[in-house]
Amino acid sequence: MVFINKKILFITFLGLLLTGASPLAYAQTADPVIPDDLSNSTVQYDTGPSANDITLEFNPQNPGAFQDVTVRTNSDYIDLNRYNSTWFVDGKKITEGIGQRTATLRTRGYGQRTNIIILIQLPDTLIKKTLSFEPQDMTVLWEAADAYVPPFYEGKKLLPREGLIKAVAIPNFKNEDGSSFRSPTGVYRWLRNGNVVSEATGYAKDSYSFKNNKIRAAEQITVTASDTAGGHEATQSVSVVTYKPKILFYEKNNRTGIINPFAKTTLNLIGNAATIIAEPFFFSTTGNPNSLTYNWTMNKSPITLSDVTNQKILTLQNPGGSGNATLGLEVLNPNSLFQGAGNQLPITFNKN
């Protein structure tokens, strides 16, 4: 039988040799001195291998429903490569062999338990290791909390560099009979890019907000939720990718607002004047686009705005002739190094 780092209790007896008596004779006849802790009948010493000496490694750690999961046995005490292991899933043998330390199985539906038994045959004992899986469902929602989009935009706000992210965990636990229940409170453990966020982890902390690190193009968020009794647990991850802000041009009617919800890529100015509104997308403005810096140009020459209170809007006058020009705009966020965008709008002037 081969064990690694085996716990062995050595007791050495030292004594005086009697005159004419051999060491062997003394060892056979003398009464040993028993240490106090060994003579205490309430103290128990377990030096043999047991199921407690075997740990299990799961991949993934908290699998979902109908998902393949790999289980591996490890031990610092027993050389598992030398002994026969038999694996059972819900009473059915799935694999067996000497050094059989891994097995892959598929979980059942949400809330349905899968039971696993591993029998490891040592020369003098049979070790039984048991575990079970009960997949649980959870949804993680996130939003770019301070990203600006126009009121008519119907899509999801994307995250800019150095933007504010808010993630919310919504566990949907199920009992074994299939009935759902929501724990009003629970324990949540948040990880950001693989690191535990201690200030966001704890009882009833189902949300986590943080600012994107400007050197990261994406943020990986992982949360594990469990009920207070510890009987149900689920893990879910989400990757949030950063996007570069944008500027889009729209034609605006001074009485009715934006003429067409589709952004303009060219402008044919036929009347006396046209009003252009530049809408920023995905800048961190917390709802105030006028906190950005707008630099307008016409054929690369700066334009001075008459109304500095609303830098998004520019009114173009028709000079009365025909020709072409290029309207340009650069928008910067003075509070962020990485949030900037530019765009150009080709314009054709026609005679009235």
Side-chain angles (χ1 to χ4, degrees), residues 60-62 64 137-172 186 188-202 204-225 234-250 258 261-265 277-295 310-312 328-344:
Q61 184 66 33
N62 282 318
D137 183 30
M138 180 167 59
T139 300
V140 178
L141 303 177
W142 68 269
E143 66 170 336
D146 63 350
Y148 175 82
V149 293
F152 57 83
Y153 178 71
E154 296 181 352
K156 183 178 180 65
K157 295 191 293 184
L158 303 179
L159 176 71
R161 288 284 183 98
E162 299 183 282
L164 183 65
I165 307 170
K166 181 178 180 180
V168 178
I170 307 174
N172 182 25
Y188 297 84
R189 183 174 181 263
W190 292 90
L191 284 79
R192 177 184 174 187
N193 302 315
N195 300 312
V196 177
V197 186
S198 57
E199 64 271 19
T201 295
K205 293 186 176 181
D206 60 349
S207 66
Y208 170 41
S209 298
F210 64 96
K211 188 176 181 180
N212 164 251
N213 188 330
K214 57 190 175 188
I215 66 174
R216 283 191 174 273
E219 298 278 359
Q220 184 75 19
I221 306 169
T222 302
V223 58
T224 298
T235 299
Q236 190 61 267
S237 297
V238 62
S239 181
V240 183
V241 180
T242 60
Y243 290 84
K244 186 175 176 59
K246 292 183 177 182
I247 293 294
L248 297 180
F249 295 113
Y250 301 86
I258 291 177
F262 296 100
K264 299 193 74 66
T265 56
I277 179 170
E279 287 289 3
F281 287 77
F282 319 131
F283 283 85
S284 295
T285 66
T286 317
N288 181 19
N290 287 317
S291 64
L292 303 174
T293 301
Y294 296 77
N295 299 312
N310 195 345
Q311 302 179 71
K312 296 197 308 176
L329 176 62
E330 182 186 42
V331 179
L332 301 173
N333 185 346
N335 299 315
S336 173
L337 181 63
F338 291 91
Q339 292 184 22
N343 200 357
Q344 292 183 339

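Side-chain contact check for Asn295 versus Thr293: some heavy-atom pair is nearer than 4.5 Å. With contacts defined as side-chain heavy-atom distances shorter than 4.5 Å, the pair Asn333/Glu162 does not qualify. Contact annotation: the side chain of Val241 never approaches that of Leu159 to less than 4.5 Å [non-hydrogen atoms, C-beta and beyond]. The shortest side-chain heavy-atom distance between Trp190 and Glu199 does not fall under the 4.5 Å cut-off. Side-chain atoms of Pro280 and Tyr294, non-hydrogen and from C-beta on, do get closer than 4.5 Å to each other. Between Asn343 and Leu329 there is no side-chain heavy-atom pair separated by less than 4.5 Å. The closest side-chain heavy-atom distance from Asn213 to Asn193 is not below 4.5 Å. Phe283 has its side chain within reach of Ile247: a pair of non-hydrogen atoms, C-beta onward, lies under 4.5 Å apart.
Taking the salt bridge (Lys or Arg N to Asp or Glu O under 4.0 Å) definition, one finds that Glu279 meets it with Lys312, sequence neighbours left out.
One distance of note links CG of Asp146 with CG of Asn212; it measures 10.0 Å at 0.5 Å rounding. A distance of 10.5 Å separates CD in Gln236 from CG in Leu141, rounded to the nearest 0.5 Å. The CG atom of Leu292 sits 8.5 Å away from atom CG of Leu332, with the distance rounded to the nearest 0.5 Å. In this structure, the separation between OG1 on Thr201 and CG on Leu191 is 7.0 Å, given to the nearest 0.5 Å.
Checked by atom type and distance alone, the side chain of Lys244 pairs as donor or acceptor with a backbone atom of Gly340 at under 3.5 Å. At least one donor-acceptor pair under 3.5 Å links the side chain of Ser291 to the backbone N or O of Asn288. Put simply, the side chain of Gln339 gets close to the backbone of Ser284: a donor and an acceptor are under 3.5 Å apart. The backbone N or O of Asp137 lies less than 3.5 Å from no partner atom in the side chain of Asn172, so there is not a single donor-acceptor pair.
Nearest heavy-atom pair across Ala234 and Met138 is O-CE, 3.4 Å. Considering all non-hydrogen atoms of both residues, Leu158 and Pro160 come closest at O-CD, 3.4 Å. For the residue pair Tyr148 and Pro151, the shortest heavy atom distance occurs at OH-CD, 4.1 Å. Closest approach of Ser237 and Thr222 over heavy atoms only: OG-OG1, 2.8 Å.
Remark: Lys166 NZ is loosely packed, at most 12 non-hydrogen atoms of other residues, nucleotides or ligands lying under 6.0 Å away. In the displayed structure, Phe152 atom CZ is contacted under 6.0 Å by more than 12 heavy atoms of other residues, nucleotides or ligands. Lys246 NZ: 12 or fewer foreign heavy atoms inside a 6.0 Å radius.
Of the listed residues (Arg161, Lys214, Arg216, Glu219), just one forms a side-chain hydrogen bond (donor to acceptor under 3.5 Å, both in side chains) with Thr242, and that residue is Arg161.
Ring planes of Tyr250 and Phe281: tilted class, angle from 30 to 60°.
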